[in-house]
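In what follows, a single structure is set out as structure tokens and then discussed.
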Amino acid sequence: MFKSILIANRGEIACRIARTAKRLGLRTIAVYSDADADALHVRACDEAHRIGPAPAGESYLLIDNLIEVARAARADCVHPGYGFLSENARFAEACAEAGMVFVGPPPDAIRAMGLKDRAKALMEKAGVPVVPGYHGEQQDPKLLKRKAYEKGYPALIKAVAGGGGKGMRRVDKHADFDAALESAMREAQSSFGDSRVLIEKYVLSPRHIEIQVFADTHGNAIHLNERDCSLQRRHQKVIEEAPAPGMSAELREKMGSAAVAAAMAVGYVGAGTVEFIADGAQGLKADAFWFMEMNTRLQVEHPVTEMITGLDLVEWQLRVAAGDRLPLAQVDVPLRGHAVEARLYAEDPERGFLPSTGKIVALEFPQGEGLRIDSGVEAGGEVTPYYDPMIAKVIAHAPSREQALDRLAAALEKTVVAGPRTNAGFLARLAKAPEFRAGKFDTGFIDANLIDLGAVEQPLDHAAVACGAERLIAGIAEIIVARRDPEIPQSPWDDGDGFQLAGSRLQNVAITVDGKPARAQVQYSNGKAHVTFEGISPDLSARAIEAPNAVYVLHNGHQIVVGLRDFDSIDTDHIGGDGLVRAPMHGKVLALLVERGQKVGKGHRVAIVEAMKMEHALTAPLDGIVAEIAVSVGGQVAEGAMVMVIKAEEDKSG
Ligand code: ADP
């Protein structure tokens, strides 16, 4: 076995690899970009080395930097995790050239499976069923169109270099083909630098079923059962489970053998996943599954397989890389109970699943029998716009599918994330969806049920706002008392708001709800504050988490941030309209286009904020004067934070 390992990755997978490597007695070496200097994976390892600035292209994707660090740290082997350089044959070669073992397949096997057209041709030769279509060399649009017509619609255009669902277009009618081809090729060119595509028959009622395979350097290859990853959004997996609902022992044996044959055909070594698409219209059938592609690395969803087999796949990877034989024969591979994994993301299902980055104010996961949480972040940490915004994988295992899904749903409901918005509530509803529970689903399930799953804009939750306001007011009552001290002149509460501790009349308190101005009502009687929001009392089942400037309220799987309007720095009541310019999401201030005191017109660009690798121009909400600038160039801004205040022009006279 090796003595040391460099983990060329970050986040939960780097932490997960470190866990096994440490158990096996290896010295663990982490790498990090500037954005990850304080990340969990850095502390999960025995030592850590900086590899470059935050953007992945300048750090986690730089082969030379990684090799240099690995060499200096005297790493025996390098584990690439998933994503980043995990399927980069050149990186595998560079490791070997530097005298280190790449924990993964030989470079030739990576290359053979790297392009979908070549892989399909190879698989056909090896007798593995492939999706009918055209995957030849020719790219003449007329020929491609004819091929689609011959194979029949609906058709699927796929980038040969594709990944992550990019460069993929479904075409339902012959008349739509040209436009779809053009946009698929354009996206393929910009995403992969390779515009070539292949044509496939679009499988109706598609189920995504994949087989985990393992091969050693002694010519042995086995499979570790299947995973069903049919719950997808935009061709990206959301929930994965094993075994696949409706899978028979005979079909498992048939798909498993096909997957092992696929691995053998390319001289595979280590962990790999052979992905099949199955036609689930009439349940899973022996003659209705086809090879899609092989992922030549550890998958995000590998814990599902670990839970039903009781095996540690990272340990197997390390043993195989060290030259050991596979520890089990095919007949001895266990299959116990049912496991299901949900990918918890910092994203907002109500707003088109837009990534929601920022500081993690609170993070709590439940513990319990059959529950596993693989996380790469912690409270106080940050979800940055630079990388995949996954917070954790929540995995549940139980004797039956029903129980596993119950466990998963309960765990998701108990999960607390404050700060970024997450898909926790959405995932819990998915785990409880009756049709999914009944096994009646395919890859279109999520898109067809967005409303039932709560992935559309919801009406404002008044009871949650009231809960947040109540918490804030409980906190400020003391401040108000303190401010009434004659030593402290001029409390801002004395003017404008008419806020009083005595009496029982309804009074307004200026608050912000998700950054927007609002008013809560408070009534003091019998020495207690009773808070309502638009007549609704606080819901006591909501969870309120206090942060320095706001209260995060979690209720029914949603988050609402309630703050106090800051009267000390801005007199919002005297701004004509809402003259506040706020950051649309967490990001970095790239440029300030105006100065304090400058006159601006409505719609005038005042600042540029970079978030999620995109630039967002902030504009003046009204005609006026720049009264205050709250940020500086290069600084970070939180979602909803004030960037500047524009004062309406009429105010000048007053
Ligand atoms: P990528 O490499 O971009 O992830 P894949 O070939 O793995 O692309 O396909 C991703 C997803 O697209 C699959 O899981 C499946 O949901 C869908 N898909 C792919 N091929 C087909 C097909 N022929 N018919 C229907 N759906 C398909």
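As the structure is a prediction and not an experimental result, all values here were calculated from the model. All ligand and atom numbering here is 1-based and tracks the order in the structure.
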- request: Indicate the atoms forming the closest heavy-atom contact of Arg372 with Arg19, along with that distance.
  value: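 The pair with the smallest heavy-atom distance is NH2-NH2, 4.0 Å.
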
- request: Would you name the heavy atoms of Ala396 and Leu408 that are closest together and state the gap between them?
  value: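 Distance-wise, the nearest heavy atoms are CB-N, 3.7 Å.
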
- prompt: Under a 4.0 Å N-O cut-off, is there an ion pair linking Glu293 with Lys158?
  reply: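 Looking at Glu293 and Lys158, the cut-off is not met.
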
query: Any idea how Trp316 and Phe214 line up, ring-wise: parallel (<30°), tilted (30 to 60°), or perpendicular (>60°)?
result: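 Trp316 and Phe214: perpendicular rings.
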
- prompt: Using a 4.0 angstrom limit on heavy atoms, which residues are close to ligand 1?
  reply: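 Correct list: Lys116, Val131, Leu156, Lys158, Gly162, Gly163, Gly164, Gly165, Met168, Glu200, Lys201, Tyr202, Val203, Pro206, His208, Gln232, His235, Glu275, Ile277, Met292, Glu293, Thr443.
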
- request: Using the six-membered ring of Tyr153, assess whether NZ or CZ of Arg170 lies under 6.0 Å from its centre and within 45 degrees of the ring axis.
  value: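 Checked: cation-pi criterion not met.
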
task: May I ask you to check whether Phe353 and Phe426 place their ring centers less than 6.0 Å from one another?
output: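 Distance test on ring centres: under 6.0 Å, yes.
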
